[in-house]
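By convention in this document, chain letters (A, B, ...) are assigned in the order of the sequence lines, proteins followed by strands, and residues within each chain are numbered from 1.
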Amino acid sequence: MTQIDFYTIMPISVLVLCASLLLLLEAFYPKGKQKQIAFFAAFGFALTLGLSISQLGNSYSGFGGMVVLDGFSNFLNILFLITGLLGVALASGYLQRMNINKGEYYVLMMFSVAGMMLMSQATDLIITFLALELLSIPLYVLAAFALNRTESEEAGIKYFLLGSYATGFIVFGIALIFGATATTSFAGIVAAIAQPATNLTLLLVGGGLVLVGFGFKVATVPFHMWTPDVYQGAPTSVTAFMAAGAKAAGFSALLRIFATLFPSFAADLMPILAVLSALTMIVGNITAIAQTDIKRMLGYSSIAQAGYILMAFVPFGDPAIRATAVAAGLFYLVAYTITSFGSWGVVIGLEREEGKGLDINDYAGLGKKYPWLALAMTVFMFSLAGLPPTLGLVGKFYLFRAIMEGKLYWLALIGVITSLISAYYYLRVIVIMYFKNGDPIINKDNLLYMSIALCVVITVVLSFMPSFLFSWASNAMLTMF
Amino acid sequence: MIPVNYYLTLSVVLFSMGALGVLIRRNSLVVFMSIELMLNAGNLAFVTFAKMHAANLAAVHNGQIFVFFVMTVAAAEVAVGLALIVLIFRKKQSIDLDQLTHLKG
């Protein structure tokens, strides 16, 4: 291993090292003092975040081109690590209230984040596959973490079966790509596509199977059936982490694979991606209207949001606009991550033991009794619906602009119409909070409310100076194309 | 020698059987077996393609090493999956997926 190899994977190795040490520490830690484990986990994430930030602007390629560290992966690594930090903050009080306070929770989360980071850095399909599993297997365990609750077990097994089903598709897809090109490295595949002897049909079928597999992972329609069940059944802190981190990681892999490998097939893939994205937006938003359980509603909302993010990938074959389009997608990913984390945080604040406090009607009266929390939820709902003054609006603006530049007017139109539909169920939460009488009970958890406040501040303040984030995202994209 | 195409056909058949099995069967152990079948169909395809590209030593290594990775990852998945299935069985005395009806809406 050369020095460059080490630099390439330094943040990941530090995170994995911290996780392993924490696992060891946790085994010998006195019972009853488990809460401190959360502190150590946060320290591990913060340390890795510092390292990632210190590597900003650098670009390495290690292990014979199997792993790279460029602007794109650095951007996403920072997002994943922030997700991890917020995940720890959301979980520490919640796990205690739900009587599932075990230190392994944080360790699994750290391994999962390491998988996400590796996924954004992978430039060889072997590494993509390994990273995907490193990300997913801890998540299967986390989804079933509340062993005393049947729903959690059920969520765990459903997530596990559907997740490994997706893995099956991805493995077979990679096998076909390998068959067509005789290599799994991205650079090698790109070189092989240019050769006339390459069997392009085989390659395209393989790419399609990989797309199906990742479609499951990021929950696009028609591969979304597991999402509401898993999001509802899993412990809410896990759901928050899954909805934000795992989805972003899936998109990072999709983006890297499709943008680097298949630009020459853009004409074939573009209609498929466009239809997937349109279906995802329509089905996700319309089904969400009928939901009364807040976790289920946010689950369907996250499906719909995946459709918007996917929309940014549709014009990936058009060299003139793909950098802006994908940068808009990254921007929206950040907006979605922060906002959804905040809204899940509010859900955690109201969730009682035995799964009470999760109906939308349990939010009645929140506006009078806890105006600050209601205000925070209002900001998140506005942002998810794409109303001012929030990051969600700016994100949608960039997205639709990029799509219009790509001359995909019908897709932009569907995006706008479904956004209007989505406003109905997001605003319903606000109406219930402010105009219905009720007596909501919230949990005491300072760390949780601090992180919610942080999410509110980011959502609102960044919406007034989006150019900073957008130019960062654009620069990140430029390193890839 | 058996032509390479036979192996490929077998792997496609295995993969389709696995993919259909997941959708049709209701017993979670059988579903899990079907998933393993899909992974192994991928392995078979990898080995066959490696053999097909035998002139290119790097490709042979690439394909065969991937198989090792898939096998280890599948083992890790088995560890998690069987644990989950045992948990469900302890609570419900059944591993039928149709009885997992707590989450609906």
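- Heavy atoms closer than 4.5 Å to chain A are found in the side chain of B:Ile35, but not in its backbone.
- In this structure, B:Asn43 CG and A:Phe172 CZ are separated by 10.5 Å, a value rounded to the nearest 0.5 Å.
- Only the side chain of A:Leu130 has a heavy atom closer than 4.5 Å to any heavy atom of chain B.
- Here the shortest heavy-atom pairing between B:Leu100 and A:Lys158 reads O-NZ, 3.5 Å.
- Atom CD1 of B:Ile24 sits in a crowded spot, with more than 12 heavy atoms from other residues, nucleotides or ligands closer than 6.0 Å.
- Ring pair B:Phe46/A:Phe178 is tilted by interplanar angle, where 30° to 60° counts as tilted.
- For A:Leu202, the part lying under 4.5 angstrom from a heavy atom of chain B is the side chain only.
- When heavy atoms are compared at a cutoff of 4.5 Å, B:Ile85 approaches chain A by way of both its backbone and its side chain.
- The contact between A:Glu154 and chain B is made by backbone and side chain atoms together, counting heavy-atom distances below 4.5 Å.
- A pairwise comparison of heavy atoms in A:Ala144 and B:Leu84 identifies CB-CD2, 3.4 Å as the closest pair.
- When each of A:Leu176, A:Ile137, A:Thr183 is scored by its heavy-atom pairs under 4.5 Å with chain B, the top score falls to A:Ile137.
- Between A:Thr150 and B:Lys92 the shortest heavy-atom distance is CG2-CE, 3.8 Å.
- With a threshold of 4.5 angstrom between heavy atoms, A:Ile174 approaches chain B through its backbone and through its side chain.
- At a 4.5 Å heavy-atom cutoff, the contact between B:Asn56 and chain A is made by side-chain atoms alone.
- When all heavy atoms of B:Lys91 and A:Asn148 are compared, the pair lying nearest together is NZ-O, 3.5 Å.
- Contact count versus chain A (heavy atoms, under 4.5 Å) is highest, among B:Ala76, B:Ala19, B:Gly18, B:Ala74, for B:Ala19.
- Closest of all the heavy-atom pairs between A:Ala175 and B:Ala45 is CB-CB, 3.8 Å.
- For a residue to count as touching a neighbouring chain, one of its non-hydrogen atoms must lie under 4.5 Å from one of that chain's; by this rule B:Val12 touches chain A with backbone and side chain alike.
- You'll find the side chain of A:Phe169 reaches within 4.5 Å of the side chain of B:Met38, heavy atoms only.
- Across A:Gly173, A:Gly188, A:Ser164, A:Ala290, the residue that shares the most heavy-atom pairs under 4.5 angstrom with chain B is A:Ser164.
- Other residues, nucleotides and ligands place no more than 12 heavy atoms under 6.0 Å from the OH atom of B:Tyr7.
- Other residues, nucleotides and ligands place more than 12 heavy atoms under 6.0 Å from the CZ atom of A:Arg428.
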Inset, instruction - Check the pair A:Ile126, B:Asn62 against side chain to side chain contact (heavy atoms under 4.5 Å, CB included), reporting the backbone distance first and the verdict last. - result: CA-CA 9 Å; A:Ile126 295 184; B:Asn62 207 335; 3.5 Å; yes
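- Of the two parts of B:Ser34, neither the backbone nor the side chain holds a non-hydrogen atom closer than 4.5 Å to a non-hydrogen atom of chain A.
- When B:Val80, B:Leu97, B:Ile88 are compared by the number of non-hydrogen pairs under 4.5 Å with chain A, B:Ile88 comes out ahead.
- At least one side-chain heavy atom of A:Phe129 sits under 4.5 Å from a side-chain heavy atom of B:Val70.
- With a 4.5 Å cut-off on side-chain heavy atoms, A:Leu161 and B:Val22 do not count as touching.
- Residue A:Thr167 touches chain B through both its backbone and its side chain, counting heavy-atom pairs closer than 4.5 Å.
- Contact of A:Phe160 with chain B is made through the side chain alone, with heavy-atom distances under 4.5 Å.
- Heavy atoms closer than 4.5 Å to chain A are found nowhere in B:Ala79, neither backbone nor side chain.
- No other option in A:Asp124, A:Leu147, A:Ile170 has as many heavy-atom pairs under 4.5 Å with chain B as A:Leu147.
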